[in-house]
Amino acid sequence: MRKKENEFYEYFAKHHLESLYKAQNLCFRKSESPDFLSEGNAIGLEVTRAYIKKWKQLDSIVEKYFGKGLSFKEIRSRVDGDCKNGFDGELINLDGMTAYSPIKGMYNTKIHEQNIIERIIEKTKMLDNYEECYEFWLYIWNFYMLVDEGTIRRVNEFYLKMKQSIQFLKIFIRVGEDLYLLQKGKPVEIYKTNQTTYNEMRKLALVEAGLPELIDK
């Protein structure tokens with residue numbers, strides 16, 4: 001099940017970028033190192049999740065209800081139903097949008113910034129051993145709504161200072177409905193994902209990951 005779960009996130013990222021860059025007709029095919037290759041190995045796409053290990057179990061309880069058009073009350077009810085002994089994290093109603101924190105009360109959100117940076121460092125170090133490509137892209141899943149534009153800006157500042165000989169030309173960071181694009185020498189860009197497009201990409205990803213039974217859940 002865990003392998004299929006990982007593949008769902010990989011295939012979702014694939015479809016997301018193919019949709020975003022439709023004019024380029026990317027047609028990524030599954031690979032291993034990196035996760036996907038475009039025609040002629042022009043682009044190598046790597047997909048990763050910036051989760052915090054000790055919070056991963058809580059993340060998995062909540063994230064399956066996000067992006068489905070559910071109200072705060074509906075998500076709250078389903079999470080409570082999954083946690084018979086109580087949910088250790090916190091769900092927050094932000095003007096009708098549900099935010100999730102794995103810790104109740106205040107905590108230093110810089111941990112998310114560092115976690116994303118660690119994923120970038122880790123994956124960049126692996127590029128020397130990847131199949132040769134003209135350029136590499138990195139798609140990072142983030143499930144913590146307290147990651148904001150300030151966090152992304154600081155991550156971008158770190159990325160701009162990286163000096164490795166082989167680096168990711170584009171870094172995409174998914175936060176809720178927003179997809180941030182980091183590129184050297186360019187301002188950070190933000191792309192929005194509407195509910196219809198999300199549902200289409202989710203369905204395709206579930207089928208390709210071998211999880212079609214989850215489409216209507």
Side-chain angles (χ1 to χ4, degrees), residues 9-31 33-51 66-67 97 99 109-198 200-202 205:
Y9 290 110
E10 291 175 357
Y11 281 114
F12 186 100
K14 165 191 180 291
H15 288 295
H16 195 174
L17 296 184
E18 285 178 345
S19 174
L20 197 61
Y21 294 92
K22 189 174 297 184
Q24 294 188 28
N25 193 28
L26 294 176
C27 296
F28 283 117
R29 69 183 186 278
K30 192 72 178 76
S31 183
S33 297
D35 294 315
F36 295 97
L37 294 167
S38 68
E39 185 68 28
N41 289 17
I43 300 170
L45 171 62
E46 182 70 11
V47 182
T48 189
R49 286 183 281 171
Y51 61 77
F66 283 1
M97 183 169 62
T109 58
K110 191 173 178 65
I111 189 173
H112 301 309
E113 174 188 332
Q114 189 58 40
N115 193 35
I116 294 171
I117 287 173
E118 287 173 359
R119 297 285 79 72
I120 294 173
I121 293 172
E122 173 192 346
K123 294 299 182 179
T124 300
K125 287 180 178 178
M126 297 170 65
L127 290 178
D128 284 328
N129 300 316
Y130 279 6
E131 193 164 341
E132 188 173 346
C133 297
Y134 181 74
E135 63 185 65
F136 290 101
W137 295 1
L138 178 63
Y139 188 111
I140 303 174
W141 282 85
N142 164 82
F143 302 106
Y144 307 107
M145 296 299 288
L146 294 180
V147 170
D148 56 16
E149 290 188 27
T151 303
I152 301 300
R153 184 184 66 251
R154 292 188 293 274
V155 170
N156 189 50
E157 289 170 357
F158 173 86
Y159 166 60
L160 295 177
K161 295 175 183 177
M162 294 181 72
K163 302 296 183 183
Q164 285 84 347
S165 57
I166 303 178
Q167 296 186 38
F168 291 101
L169 190 67
K170 299 181 191 292
I171 295 180
F172 302 88
I173 305 173
R174 182 177 174 84
V175 183
E177 297 178 351
D178 296 335
L179 185 69
Y180 293 87
L181 169 58
L182 281 54
Q183 300 179 91
K184 295 201 172 184
K186 297 182 179 181
V188 174
E189 298 179 40
I190 307 176
Y191 299 95
K192 298 283 186 181
T193 306
N194 63 49
Q195 191 62 49
T196 300
T197 301
Y198 173 90
E200 291 173 353
M201 294 187 298
R202 177 178 177 272

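Throughout, numbering of the chain's residues begins at 1 and tracks the sequence. Computed from heavy atoms alone, side chains included, the values below leave out hydrogens, waters and symmetry copies.
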Filter on salt bridge (charged side-chain N to carboxylate O under 4.0 Å, His left out), then keep only pairs touching [range], sequence neighbours left out; what's left?
{"range": "residues 33-44", "value": "none"}
{"range": "residues 182-193", "value": "Asp178-Lys192"}
{"range": "residues 13-22", "value": "Lys14-Glu18"}

Look at Glu113 together with Lys110 and state whether they make a salt bridge at an N to O cut-off of under 4.0 Å.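 Judged by the 4.0 Å cut-off on N to carboxylate O distance, Glu113 and Lys110 do form a salt bridge.
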May I ask you to say whether Glu135 pairs ionically with Lys170, meaning some side-chain N is under 4.0 Å from a carboxylate O?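 Answer for the salt bridge query: no.
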For Asn41 and Glu132, does a side-chain donor sit closer than 3.5 Å to a side-chain acceptor?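 The criterion, which ignores hydrogens and geometry beyond distance, is not satisfied for Glu132 and Asn41.
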Is any side-chain heavy atom of [X] less than 4.5 Å from a side-chain heavy atom of [Y]?
{"X": "Ile166", "Y": "Asp128", "value": "yes"}
{"X": "Val155", "Y": "Ile173", "value": "yes"}
{"X": "Cys133", "Y": "Leu37", "value": "yes"}
{"X": "Glu131", "Y": "Ser31", "value": "yes"}
{"X": "Ile190", "Y": "Leu179", "value": "no"}
{"X": "Tyr21", "Y": "Trp137", "value": "yes"}
{"X": "Met201", "Y": "Thr193", "value": "yes"}
{"X": "Leu45", "Y": "Leu26", "value": "no"}

Check salt bridge (charged side-chain N to carboxylate O under 4.0 Å, His left out) between Lys125 and all other residues, then give those that pass, not counting sequence neighbours.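 Result, salt bridge (charged side-chain N to carboxylate O under 4.0 Å, His left out) vs Lys125: none returned.
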Which residue, Tyr139, Phe36, Phe12, forms the side-chain contact (heavy atoms from CB on, under 4.5 Å) with Leu17?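 Option passing the side-chain contact (heavy atoms from CB on, under 4.5 Å) with Leu17: Tyr139.
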Counting distance only, does the side-chain N/O of [X] pair as donor-acceptor with the main-chain N or O of [Y] below 3.5 Å?
{"X": "Thr124", "Y": "Ile120", "value": "yes"}
{"X": "Gln167", "Y": "Gln164", "value": "yes"}
{"X": "Tyr159", "Y": "Phe168", "value": "yes"}
{"X": "Asn115", "Y": "Ala50", "value": "yes"}
{"X": "Arg49", "Y": "Ile140", "value": "no"}

To the nearest 0.5 angstrom, please state how far the [atom1] atom of [X] sits from the [atom2] atom of [Y].
{"X": "Ile111", "Y": "Ile116", "atom1": "CD1", "atom2": "CD1", "result": "11.5 Å"}
{"X": "His112", "Y": "Asp148", "atom1": "NE2", "atom2": "CG", "result": "10.0 Å"}
{"X": "Ile117", "Y": "Thr151", "atom1": "CD1", "atom2": "OG1", "result": "9.5 Å"}
{"X": "Glu46", "Y": "Glu122", "atom1": "CD", "atom2": "CD", "result": "9.0 Å"}
{"X": "Ser19", "Y": "Glu200", "atom1": "OG", "atom2": "CD", "result": "8.0 Å"}
{"X": "His16", "Y": "Arg202", "atom1": "NE2", "atom2": "CZ", "result": "15.5 Å"}

Got a sec: does the CD of Glu149 have more than 12 other heavy atoms crowding it under 6.0 Å?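 Incorrect, the count does not exceed 12.
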Can you run down the ring pair (Phe, Tyr, Trp, His ring centres under 6.0 Å) pairs that involve residues 115-136, sequence neighbours left out, and say none if there aren't any?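 Residue pairs with at least one partner in residues 115-136: there are none.
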Contacts of type side chain to side chain contact (heavy atoms under 4.5 Å, CB included), residue Asn129, not counting sequence neighbours: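 Side chain to side chain contact (heavy atoms under 4.5 Å, CB included) list for Asn129, sorted by chain: empty.
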Ring centres of Trp141 and Phe172 under 6.0 Å apart?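 No, too far apart.
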